[in-house]
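Written below as structure tokens is the structure these notes are about.
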Amino acid sequence: MPIRTRIAPSPTGDPHVGTAYMALFNQAFANSQGGQFILRIEDTDRARSSAAAEEAIFQALRWAGIEWHEGPDIGGGYGPYRQSERLEIYRRHADELIGKGAAFHCFCSAERLAEMRRQQQANGDTPRYDGRCQSLALADVRARIERGEPHVIRLATPEDGVCRFADGLRGSIEIPWRQVDKQVLVKSDGFPTYHLAVVVDDHLMEISHVLRGEEWISSTPKHRLLYDAFGWPMPAHFHLPLLRNPDGSKLSKRKNPTGLDYYRRAGYLPEALLNYLALMGWSMPDERELFSVAELAAHFDVQRIATRGPVFDLAKLDWMNGQYIRALSTDEFMHRITAWALNRDNLAPLAPLVQARTERLSDVLGHVDYLLGDRRGLSDADFEHKTLSSADCRRILHYAGQRLDELPSWQRDALYGALKSLADAMGVKMRDFLAPLFVAISGRAVSLPLFDSMAYLGRDLVRARLRDALTALGGISKKEAKRLERDYRQLAH
RNA sequence: GUCCCCUUCGUCUAGUGGCCUAGGACUUCGGGUUUUCAUCCCGGCAACAGGGGUUCGACUCCCCUAGGGGACGCCA
């Protein structure tokens, strides 16, 4: 049987380093076995998915050096590879499940479900759907559907016993059926949820091995139920460890740069990033640490994947990146620098800003240093201000970061609008409000216009600089964070 | 709270019952090469979570405890 693996990102936020991580292992495994590696877009969340985010995934993964054999952008024999284009397939399979009694229609309101969960939680139970609609009479169900009553389709689950399934890395895993929720498979808008779509697609696309994050372990019983109901063999599953923040929690943008774009903008070489990622949970048989994706595939063995969640350590990535940079020929080095940022396209948006402030050409570099490279390190003294206290600065930076995270688009005018309204809501004059932001972003009180700078740097770099500035100001204690959180919500949006 | 997963230096890891006085890498500290810096080289500090078993022998197998993480959505 041919080996086929896949990566199935959701086009919601910015492309995540975790996506590249999973892609890397799936690609390495497929290539090591002479198989295929597939990219599938899981855009079943209508509210959050966007075409722009999908395009960003293609670009970011391509930049990283991930190459797929089949996908929405290049086609293949098992398409379509975009779940929003497979709705008819899911509908058919949902009907089959209903017919087999493996799923049922549910008309419960969001309010009832919330109340039910609240009570279960109060009793110390695992929140689960109580099965009320499961016993509805067939005629009743049909009538309500015909009346146009909103409904979903849920998975029927056993009440007793345990679900046992094999994990290629962890051995046999047992989860009591009582823990498994009667999961929604089809939403009221007719779109499938992840659980239905992933099983149907993995089967139809003949995926032989599923290498996914360990956050999926607890939903695997649902998937097992679906495979059984359809009478399909279950692909081999391998749950890889999750990348961690330095504090051990799941890697998150709040605590660590997580966007692939950050690493590109910050000047990392994609081959160094992938090499580093490969070391997160995997090791070469001979323990060598510097190797290419081709060498990874050549020596790949799933059994060498560790199960402990590795902490993403920027210091070691920096070292590794240096190794790769110094191994480049001078020619290649120059090529990389220009391809990275020192080229016409990349400099074009800065030119008008800089030109207006230039008397001699030699002024130029001093204006753009913090945009093309990193800015200098900060200390609390940099934030001294005639009216703002250190606590004021922390508050402004914290709120600004929060507001920016909520912002769907990342252009100058949108940035200005969001922060202007925030300053107004806080009752701080824009002139004062901007002071700590200038320091955080450019490292000085005077620089090129702030919003142009932020737009140019991009979301990840700006987030990293704000976080770094907050650290320079002494950081925010748990208590202060809580208070800030509460006050922030009170501000009119 | 319930269920599941995980547990070797600060961090990434090697280790599949005797090769372990636990190896490598990053970080860090010290030294050397270099007109400075960086690179590079040499050296040092630093770990088997705790407790019970099994065994002639446990880092390696089993159990318990503790700690960490994840899941518990009409998100994926």
Side-chain angles (χ1 to χ4, degrees), chain A residues 8-13 16 18-19 40-49 83 106-110 113-114 117 120-129 150-154 162-163 165 167 169-181 183-198 212-222 239-251 275-290 303-323 325-327:
Chain A
S10 230
T12 48
H16 198 275
T19 304
R40 182 173 71 223
I41 293 292
E42 309 227 321
D43 55 349
T44 55
D45 184 341
R46 278 212 276 191
R48 294 198 297 171
S49 298
Q83 290 187 330
C106 171
F107 302 89
C108 292
S109 68
L113 295 173
R117 274 190 204 107
Q120 288 168 332
Q121 217 121 37
N123 295 341
D125 295 332
T126 300
R128 299 156 64 227
Y129 180 63
H151 62 277
V152 301
I153 294 175
R154 284 181 184 275
V162 295
C163 174
F165 60 92
D167 179 300
L169 302 178
R170 298 157 203 264
S172 174
I173 295 176
E174 294 185 3
I175 294 176
W177 283 120
R178 294 201 62 83
Q179 289 293 321
V180 182
D181 197 9
Q183 180 68 47
V184 171
L185 299 176
V186 179
K187 309 176 212 180
S188 53
D189 66 1
F191 274 58
T193 59
Y194 169 84
H195 303 282
L196 206 218
V198 78
R212 55 169 18 166
E214 67 174 313
E215 80 251 51
W216 295 110
I217 290 178
S218 47
S219 1
T220 306
K222 295 166 188 170
H239 291 98
L240 272 44
L242 258 20
L243 262 20
R244 311 281 187 100
N245 296 311
D247 68 2
S249 55
K250 174 161 91 164
L251 195 68
N275 190 161
Y276 178 69
L277 249 17
L279 250 26
M280 302 269 85
W282 199 79
S283 58
M284 274 284 184
D286 65 3
E287 294 192 59
R288 107 186 91 123
E289 296 195 304
L290 266 16
Q303 294 311 320
R304 291 191 68 85
I305 300 175
T307 45
R308 178 165 62 153
V311 171
F312 195 95
D313 178 19
L314 287 167
K316 186 153 184 177
L317 207 213
D318 284 341
W319 166 79
M320 183 162 277
N321 202 56
Q323 295 294 313
I325 290 206
R326 290 190 287 272

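The chains referred to below are lettered A, B, ... by the order of the sequence lines, with proteins before strands, and numbering in each begins at 1. Values reported hereafter were calculated over all heavy atoms of this structure, with side chains retained and with hydrogens, waters and symmetry mates removed.
Nucleotides B:rG67 and B:rG31 are separated by 43 Å at their P atoms, to the nearest Å. To the nearest whole angstrom, the two P atoms, one in B:rG18 and one in B:rU11, are 27 Å apart. Between B:rC56 and B:rC5, the distance separating the two P atoms is 31 Å to the nearest Å. Going from the P atom of B:rG52 to that of B:rU28 covers 39 Å, rounded to whole Å. B:rC42 and B:rU8 have their C1' atoms separated by 27 Å, with the value rounded to a whole Å.
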message: Let's go through A:Asp45 and A:Ser49 carefully: what are the C-alpha distance in whole Å and the side-chain angles of both, what is the deciding distance for side-chain hydrogen bond (donor to acceptor under 3.5 Å, both in side chains) to 0.1 Å, and is it a yes or a no?
response: CA-CA 6 Å; A:Asp45 184 341; A:Ser49 298; 5.6 Å; no
Residues A:Ser10, A:Glu42; criterion side-chain hydrogen bond (donor to acceptor under 3.5 Å, both in side chains); working and verdict: CA-CA 5 Å; A:Ser10 230; A:Glu42 309 227 321; over 6 Å; no
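Remark: B:rU11 base-pairs with B:rA25; criterion is Watson-Crick or G-U wobble with both hydrogen-bond distances under 3.5 Å. Pairing partner, B:rC37: none, since no Watson-Crick or wobble contact has both distances short of 3.5 Å. Judged by Watson-Crick or G-U wobble contacts below 3.5 Å, the nucleotide B:rU54 has no partner. Searching all strands for a Watson-Crick or G-U wobble partner of B:rG30 with both distances below 3.5 Å returns B:rC42. Shown here, B:rU2 forms a base pair with B:rA71; the pair counts as Watson-Crick or G-U wobble because both key distances fall under 3.5 Å.
Closest contact between the side chain of A:Gln183 and the listed nucleotides B:rG70, B:rA14, B:rG73 involves B:rG73. Nearest to the side chain of A:Lys187, among B:rG70, B:rG24, B:rC74, sits B:rC74. The side chain of A:Arg244 approaches B:rG68 more closely than any other nucleotide in the set B:rA71, B:rA76, B:rG68. Taking every side-chain heavy atom of A:Trp319 into account, B:rU27 is the closest of B:rG15, B:rU27, B:rG73. Comparing B:rC6, B:rC3, B:rA76 by their nearest atom to the side chain of A:Arg308 picks out B:rC6. Of the candidates B:rA76, B:rC3, B:rU11, B:rC3 carries the atom nearest the A:Ile175 side chain, counting heavy atoms from C-beta on. Here the side chain of A:Thr126 is nearest to one of B:rU27, B:rA76, B:rC72, namely B:rC72. Checked against B:rA71, B:rA76, B:rU27, the side chain of A:Ser218 finds its nearest nucleotide in B:rA71.
Under 4.0 Å is where a charged nitrogen must lie from a carboxylate oxygen, and between A:Asp286 and A:Arg288 at least one such pair does. Salt bridge status for A:Glu289 with A:Lys316: present, with a side-chain N to carboxylate O gap under 4.0 Å.
Under the 6.0 Å distance and 45° angle rule, A:Arg244 does not count as a cation-pi partner of A:Phe312.
The residue among A:Arg117 and A:Ile217 whose nearest nucleotide of RNA chain B is located toward the 5' end is A:Ile217. Nearer the 5' end of RNA chain B, as judged by each residue's closest nucleotide, is the contact made by A:Glu287, out of A:Glu287 and A:Ser219.
Within the nucleic acid shown, A:Val184 comes within 4.0 Å of sugar-phosphate atoms alone, with no base atom in reach, counting heavy atoms only. At the heavy-atom level, A:Cys108 lies under 4.0 Å from base atoms of the strands shown. Residue A:Arg46 is out of contact with every strand shown, counting any heavy-atom pair closer than 4.0 Å. Counting non-hydrogen atoms under 4.0 angstrom, A:Arg48 reaches a base of the nucleic acid. Contact annotation for A:Gln323: backbone-only contact, meaning every heavy-atom pair under 4.0 Å involves sugar-phosphate atoms and none involves a base. Heavy atoms of A:Glu174 sit under 4.0 angstrom from primed sugar atoms or phosphate atoms, though from no base atom.
Distances shorter than 4.0 Å separate some side-chain N or O of A:Thr44 from OP1 or OP2 on B:rA76. The phosphate of B:rG68 (OP1 or OP2) has no side-chain N or O of A:Lys250 nearer than 4.0 angstrom. Checking the phosphate oxygens (OP1, OP2) of B:rA71, no side-chain nitrogen or oxygen of A:Lys222 falls inside 4.0 Å. Applying the 4.0 Å criterion to OP1 and OP2 of B:rG1, one finds that A:Gln179 has every side-chain N and O outside that range. An OP1 or OP2 oxygen of B:rG23 is reached within less than 4.0 angstrom by no side-chain nitrogen or oxygen of A:Arg288.
You won't find any donor-acceptor pair under 3.5 Å spanning the side chain of A:Arg170 and the base of B:rC5, going by distance alone. Counting distance only, with no hydrogens placed and no angle test, the side-chain atoms of A:Glu214 and the base atoms of B:rG69 include no donor-acceptor pair under 3.5 Å. With hydrogens and angles ignored, no donor-acceptor pair under 3.5 angstrom links the side chain of A:Thr193 to the base of B:rC74. For a distance-only test at 3.5 Å, the side chain of A:Glu289 qualifies as a donor-acceptor partner of the base of B:rG24.
Rounding to the nearest 0.5 Å gives a distance of 11.0 Å between CG of A:Asp313 and CG of A:Leu279. The CD1 atom of A:Ile305 sits 12.0 Å away from the NE2 atom of A:His239 when rounded to the nearest 0.5 Å. Atoms CG and SG, from A:Leu185 and A:Cys106 in turn, are 11.0 Å apart once rounded to the nearest 0.5 Å.
Between A:Ile41 and A:Gln83 there is no side-chain heavy-atom pair separated by less than 4.5 Å.
A centroid separation of less than 6.0 Å is found between the aromatic rings of A:Tyr194 and A:Trp216.
If you check residues 279-286 of chain A against RNA chain B, the residues with a heavy atom closer than 4.0 Å are A:Leu279, A:Met280, A:Gly281, A:Ser283, listed by number.
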